[in-house]
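Since the structure comes first, as structure tokens, the remarks are kept for the end.
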2 protein chains.
Amino acid sequence: MLFKIAVDCIIFTYDQQAHQLQVLLIRRENAPAQGEWALPGGFVDQLEDFAVTAARKLRQETGVDVSYLEQVQAYALTDPTAGQRLASVAYYALLDVAHYAPAADRTHYAQWVDLAQLPVLPFDHGQKVQDAWRRLQEAARHRPVPFHLLPRKFPLNHLQKFYEALYQVPLDNRNFRKWVKGLPYVEALAEVEQGVSHRPSQLYQFNTAAYSAYEQITQRTPY
Amino acid sequence: MLFKIAVDCIIFTYDQQAHQLQVLLIRRENAPAQGEWALPGGFVDQLEDFAVTAARKLRQETGVDVSYLEQVQAYALTDPTAGQRLASVAYYALLDVAHYAPAADRTHYAQWVDLAQLPVLPFDHGQKVQDAWRRLQEAARHRPVPFHLLPRKFPLNHLQKFYEALYQVPLDNRNFRKWVKGLPYVEALAEVEQGVSHRPSQLYQFNTAAYSAYEQITQRTPY
DNA sequence: TAGGTTAACGTAATATATACGCTAAGTTTA
DNA sequence: TAAACTTAGCGTATATATTACGTTAACCTA
């Protein structure tokens, strides 16, 4: 039994204005579900790892390389409308919103949509977004996820807002600050925010080398 | 481009005598890699969810239902020897060793093998076992994994040995005991071990209802 | 200058994790 | 039958993380 295999991509970004995680949706040009908003992707048409296919599709769609790409899982389409056997592999990716925005004249075809206000998506795309989000939440406990979605230099407040959006919980700013200060890979800069209408905050940045060192000593016990 | 899709199954069990996690390997009957030890599985030949396919293959292989089945991930075979396009989806499962042991006359075809002493496996099966193990370790932090692999009634010592095998670290028996006592879903019984050549231990069992209640209040914060 | 807003520092209480001493209750062996 | 051995099981002290919340400082706007 033979299958066509599609890759579906959940591309996350973080909107600093709205303090919201967003997902890139495109309007489908072909049937089925023609004209509806759905996840970008396409059929696997090269002999290569699925991750490579996903990265290629994303580059074609956005024109830039995503900075983080992980598989969510594979899905069998149990109800294929055509006689065609279909399977799909979902990937989630991170893309700094500053690096890609749909062209103004293309907002009808590609758009960032708030995770909290997703429309109903065709096929199992809704499920895939939820699964990907869950995976992203887990990944962020072990990996430097936020730094892919924030500008290189950022105030602690922005980092906190990001976590609040990711986990959908309010965080205490004093405890959050304390926690971050304990992370050796987030380093303070001798710079402050510009052009804000309140006391400007000190800026911080991610230190890759310090992270690598830290990662190795983070071996959790079973309980 | 069309693909054949295989499911590969990593079936874990726990050997109480050896204090070792084990994986079920079968001897391949067909080429490629004919005669070598490899993961059980087979091609997807029905229009159904991959998990259903995996469960079915496992039932055929072992004659029993596994108690836990989760997808690891999908893999593209980047180097298919035949012109055939191949993809595979790996699943890991848990099976109490007491419920299934290869028949004595079939040990040449199916065998439990210690995780710590796996032979070199063909294709990417070695990688898949490692990935599955990692996933199992993660799952055990959030789900009642050990209780699928231990007898219904067990002494705390056996539970500790299981965790030591899963994470490959020694644990302090006093602290471990304290930790378990804090888990509302592991309940003490009014029974003790039989036939051991030392002081018999009190027996414990998993309480499903208590676990469900506990699970809901276990909402971890971001940090 | 007053009021609003966020930054930034701090303290106390609680919970969790880690290290390790010790006694108890069985079995085995001499 | 007593001594030696093995694992069960209890407890205490210390360090580390988490949580709650009070307070002042710095900058903006009106």
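Below, each value reflects all heavy atoms present in this structure, side chains not excepted, and no hydrogens, waters or symmetry copies. Keep in mind the model is a prediction, meaning the values are calculated, not measured.
- The interatomic distance linking Arg177(B) (CZ) with dT18(C) (C1') rounds to 17 Å, in whole Å.
- Applying the 3.5 Å distance criterion, the base of dA20(D) shares a donor-acceptor pair with the side chain of Asn175(A).
- Counted within 6.0 Å of CD on Gln60(A), heavy atoms from surrounding residues, nucleotides or ligands total more than 12; the atom is thus considered enclosed.
- The terminal axes of the helix from dT1(C)-dA30(D) to dA30(C)-dT1(D), fitted over 5 pairs per end, subtend an angle of 0° to the nearest 10°.
- Atoms CD (Gln160(A)) and P (dT19(D)) sit 14 Å apart, rounded to a whole Å.
- Straight-line distance from the CZ atom of Phe176(A) to the P atom of dA20(D): 16 Å, rounded to whole Å.
- In this structure, the side chain to side chain contact (heavy atoms under 4.5 Å, CB included) partners of Arg28(B), at least two apart in sequence or on a different chain, are Pro32(B), Ala33(B), Ala38(B), Phe123(B).
- Rounded to whole Å, the distance from CG on Asn173(B) to P on dT18(C) is 15 Å.
- Sorted by first and then second residue, the salt bridge (charged side-chain N to carboxylate O under 4.0 Å, His left out) pairs with a member in residues 120-133 of chain B read Asp8(B)-Lys128(B), Asp124(B)-Lys128(B); sequence neighbours excluded.
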Contacts under 3.5 angstrom, residues 18-25 of chain A side chains, donor-acceptor by atom type, not counting sequence neighbours:
from: His19(A); atom 1: ND1; to: Gln16(A); atom 2: O; distance (Å): 3.2
from: Gln22(A); atom 1: NE2; to: Asp15(A); atom 2: OD2; distance (Å): 3.4
from: Gln22(A); atom 1: NE2; to: Asp114(A); atom 2: OD1; distance (Å): 2.8

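- Residues forming a side-chain hydrogen bond (donor to acceptor under 3.5 Å, both in side chains) with Arg143(A) (at least two apart in sequence, or on another chain): none.
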* List the steps, then state whether side chain to side chain donor-acceptor pair (under 3.5 Å) holds for Glu193(A) with Ser201(A). => CA-CA 5 Å; Glu193(A) 257 179 319; Ser201(A) 166; 4.5 Å; no
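- Rounded to whole Å, the distance from CH2 on Trp179(B) to P on dA17(D) is 19 Å.
- Distance from the side chain of Lys181(A) is smallest to dC9(C) among dC21(D), dC9(C), dG9(D).
- For the pair Glu193(A) CD and dT6(C) C1', the interatomic distance rounds to 9 Å; values are reported in whole Å.
- To the nearest angstrom, P of dA8(D) lies 15 Å from CD of Gln194(B).
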* Asked: Quick one: what's the B/S/- string for nucleotides 22-30 of chain D, heavy-atom cutoff under 4.0 Å, read 5' to 3'?
  -> B--BBBS--
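- When the side chain to side chain contact (heavy atoms under 4.5 Å, CB included) test is applied to Ala74(A), the partners found at least two apart in sequence or on another chain are Val89(A), Phe50(B), Gln71(B), Ala74(B), Val89(B).
- Under the rule for a salt bridge (Lys or Arg N to Asp or Glu O under 4.0 Å), Lys161(B) has no partner lying at least two apart in sequence or in another chain.
- A search for side chain to side chain contact (heavy atoms under 4.5 Å, CB included) contacts involving Ile26(B) returns Pro40(B), Glu61(B), Ala110(B), not counting sequence neighbours.
- OP1 and OP2 of dT18(C) both lie 4.0 Å or more from every side-chain N or O belonging to Lys178(B).
- Phosphate proximity of dA7(C) to Asn157(A): present, with a side-chain N or O under 4.0 Å from OP1 or OP2.
- The side chain of Ser201(B) sits closest to dG9(D) out of dA17(C), dA8(C), dG9(D).
- Summarising the geometry, the separation between CD on Glu191(A) and C1' on dA7(C) is reported as 17 Å, rounded to the nearest angstrom.
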